[in-house]
Amino acid sequence: MCAGGGRRVTPDWSPLDRALESWGDAPLPLWWRDDDAVEPTPALERLGEMSQSTGLPVHLAIIPAGATRALGERIAGDDRFLPLVHGWVHENHEHEGKKSEFGVARPLEVRQGQAAQAFVRLEQALGHPPLPVFVPPWNRIADDMAPALAGAGYRALSTFTPREAPMAAEGLHRINTHLDPIDWKGTRGLVDPDRLIRQVAADLDDRREGRTDAAEPYGILTHHLVHDDALWEFTGALIGRLLSGPATPWRADRDLEDEA
């Protein structure tokens, strides 16, 4: 497995193995979210192949404004892909600070309207409705958007890092992701695998010891359009290792209501 500049390394899985051995009999739901899809690509096919080989479905966060009918035709009836709404056009509207499409820079009614429009646009592009799960670009969203999303018909909000509560607002579940293997601020390749393994192990220990919500599905976040071989290899190996232990696949179309 290659990390960073391409050096071949053998990951040390022992921290994760110890965390899994200590997990006990509690459920460990595992889910997979992949962001930024708009059209069929060879990378999307590889994503589907990995989903099939691991047995874990991919919650595909699709950018509504850019989504093509070809993508809808490709994933229609394919149980490996579960479409989610990924913002509107994936455009930053903040004038300062970190990027956000649904931050505080614009009036709430404008943001709520675009979130509602995003669902309709994606349904038109796909030819069938996506799951009512909203994934804000850059995993950032203003606090006032949670009740607005519920008012627009969404049933769940997904960002990044452990959730503070199961519900983001009345009627709106919070299902976050927790591990992103891409070194966005550096090489844009795979983060050091040993560091990622230690992070997963620490995340599981935090859950087991009550520091974070153990009932929240543990989320792997990927971006198939920018993956190199090392990212594909690590992601597949990690998912396989978790599912060979206590983890079980979680899917929003089947399991979301259990998160209340």
Check Ala118 against Val85 and note the closest heavy-atom contact, atom names and distance. CB-CG1, 3.8 Å
Would you check if the side chain of Arg241 reaches a backbone N or O of Leu16 as a donor-acceptor pair within less than 3.5 Å? no
Return the orientation label for the Tyr154 and Phe134 ring planes: parallel under 30°, perpendicular over 60°, tilted otherwise. perpendicular
Does Asp203 come within less than 4.0 Å of Arg207, counting only side-chain N to carboxylate O? no
Heavy atoms from other residues, nucleotides or ligands near CD of Glu164 exceed 12 (cutoff 6.0 Å): no
Can you measure from CG (Leu149) to CZ (Arg111) and round to the nearest 0.5 angstrom? 10.0 Å
Would the His90 and His86 ring centres measure less than 6.0 Å apart? yes
Report yes if the side chains of Glu73 and Thr68 come closer than 4.5 Å at any heavy-atom pair, otherwise no. no
Linking I/L/V/M/F/W/Y whenever any side-chain heavy atoms sit under 4.5 Å apart, do Leu231 and Val226 land together? yes
Apart from Val110 itself, members of its ILVMFWY cluster (side-chain separation under 4.5 Å) are none
Side-chain (Ser51) to main-chain (Leu47) donor-acceptor, under 3.5 angstrom: no
Other residues, nucleotides and ligands only: do more than 12 of their heavy atoms fall within 6.0 Å of CD on Glu170? no
Return yes if some donor-acceptor pair links the side-chain N/O of Glu123 with the main-chain N/O of Pro130 below 3.5 Å, else return no. no
If I take atom CG from residue Leu204 and atom CG from residue Leu28, how far apart are they, to the nearest 0.5 angstrom? 6.0 Å
Are side-chain heavy atoms of Asp79 and Arg251 found at a separation under 4.5 Å? yes
Quickly, which of Leu20, Val200, Ile197 forms a side chain to side chain contact (heavy atoms under 4.5 Å, CB included) with Trp13? Name it, please. Ile197
Nearest-0.5 Å distance that lies between atom NE2 in His59 and atom CD1 in Ile220: 13.0 Å
Tell me, do Thr235 and Pro181 make a side-chain contact under 4.5 Å, heavy atoms counted? yes
Sub-4.5 Å side-chain heavy-atom contact between Pro162 and Asp213: no
Distance (rounded to the nearest 0.5 Å) between His224 NE2 and Leu44 CG: 5.0 Å
Is there a side-chain contact between Ile175 and Leu256 in this structure, where contact means two heavy atoms from C-beta onward sitting under 4.5 Å apart? yes
Backbone of Asp12 reached by a side-chain donor or acceptor of Asp194 within 3.5 Å: yes
Would you say the side-chain atoms of Arg46 pair up with the backbone N or O of Trp232, donor to acceptor, closer than 3.5 Å? no
No-hydrogen, no-angle side-chain donor-acceptor test under 3.5 Å, Arg106 and Gln114: yes
Considering all heavy atoms of both residues, which atom of Ile62 and which atom of Pro83 are nearest to each other, and what is their separation? CD1-CB, 3.7 Å
Let me confirm one number: the CG-CG distance from Leu131 to Leu84, rounded to the nearest 0.5 Å. 6.0 Å
Using salt bridge (Lys or Arg N to Asp or Glu O under 4.0 Å), reason through Arg74 and Glu45 one step at a time and then give a plain yes or no. CA-CA 10 Å; Arg74 170 61 190 83; Glu45 294 306 313; 2.6 Å; yes
Do Ile63 and Leu60 share a hydrophobic cluster (ILVMFWY, side-chain heavy atoms under 4.5 Å, transitive)? no
Arg121 side chain to Ala67 backbone, donor-acceptor under 3.5 Å: yes
Are Glu101 and Pro136 packed together at the side-chain level, in the sense that at least one heavy-atom pair is separated by less than 4.5 angstrom? no
Count I, L, V, M, F, W, Y as connected when their side-chain heavy atoms are under 4.5 Å apart, and connections chain through other members. Are Trp184 and Val191 then in the same cluster? yes
For a side-chain contact (heavy atoms from CB on, under 4.5 Å) check, start with the C-alpha distance between Thr54 and Trp32, then their side-chain angles and the critical distance, and finish with the verdict. CA-CA 11 Å; Thr54 60; Trp32 183 1; 4.2 Å; yes
Sidechain-backbone polar pair: Arg140 side chain, Phe102 backbone, donor-acceptor under 3.5 Å: no
State whether the side chain of Asp35 and the backbone N or O of His223 hold a donor-acceptor pair below 3.5 Å, judged by distance alone. no
Measure from the ring center of His93 to the ring center of Trp88 and say whether it is less than 6.0 Å. no
Scanning both residues in full, the closest heavy-atom pair of Leu157 with Ala168 reads CD2-CB, 4.2 Å
Asp205: partners by salt bridge (Lys or Arg N to Asp or Glu O under 4.0 Å), with sequence neighbours left out: Arg208
Please tell me whether Ile239 and Leu196 are part of a single hydrophobic cluster in this structure, the criterion being side-chain heavy atoms less than 4.5 Å apart. yes
If we ignore angles and hydrogens, is there a donor and acceptor under 3.5 Å between the side chains of Thr222 and Asp34? yes
Output the distance between atom CG (Leu172) and atom CE (Met145), rounded to the nearest 0.5 Å. 9.5 Å
Ignoring hydrogens and geometry, is there a side-chain-to-backbone donor-acceptor pair from Gln112 to Ala148 under 3.5 Å? yes
Given the rule in the side chain to side chain donor-acceptor pair (under 3.5 Å) test, do Arg174 and Thr159 qualify, once you have shown the distances and angles that lead to the verdict? CA-CA 8 Å; Arg174 170 81 74 170; Thr159 58; 3.0 Å; yes
Give the minimum heavy-atom separation between Ala152 and Ala116, together with the two atoms involved. CB-CB, 4.1 Å
Taking the side chain as every heavy atom from C-beta outward, state whether Leu243 and Leu30 have any pair of such atoms under 4.5 Å apart. yes
Over all atoms of both residues, closest heavy-atom pair of Pro129 and Phe119: CB-CZ, 4.1 Å
Using the rule that two of Ile, Leu, Val, Met, Phe, Trp, Tyr join whenever any of their side-chain heavy atoms come within less than 4.5 Å, decide whether Val120 and Val135 are in one cluster. no
Does any N or O in the side chain of Gln199 come within less than 3.5 Å of the main-chain N or O of Leu179, such that one atom is a donor and the other an acceptor? no
Could you work out the complete set of other residues in the hydrophobic cluster of Phe160, with links drawn between I, L, V, M, F, W and Y side chains under 4.5 Å apart? Leu221
Could you walk me through whether Val104 and Glu94 pass side-chain contact (heavy atoms from CB on, under 4.5 Å), step by step? CA-CA 7 Å; Val104 298; Glu94 298 303 295; 3.8 Å; yes
Let me know which of Pro217, Pro249, Pro57 forms a side chain to side chain contact (heavy atoms under 4.5 Å, CB included) with Trp31. Pro217
Any non-hydrogen side-chain atom of Leu82 less than 4.5 Å from a side-chain atom of Ile75? no
Which word best sums up how the rings of His178 and Tyr218 line up, parallel for under 30°, tilted for 30 to 60°, or perpendicular for over 60°? parallel
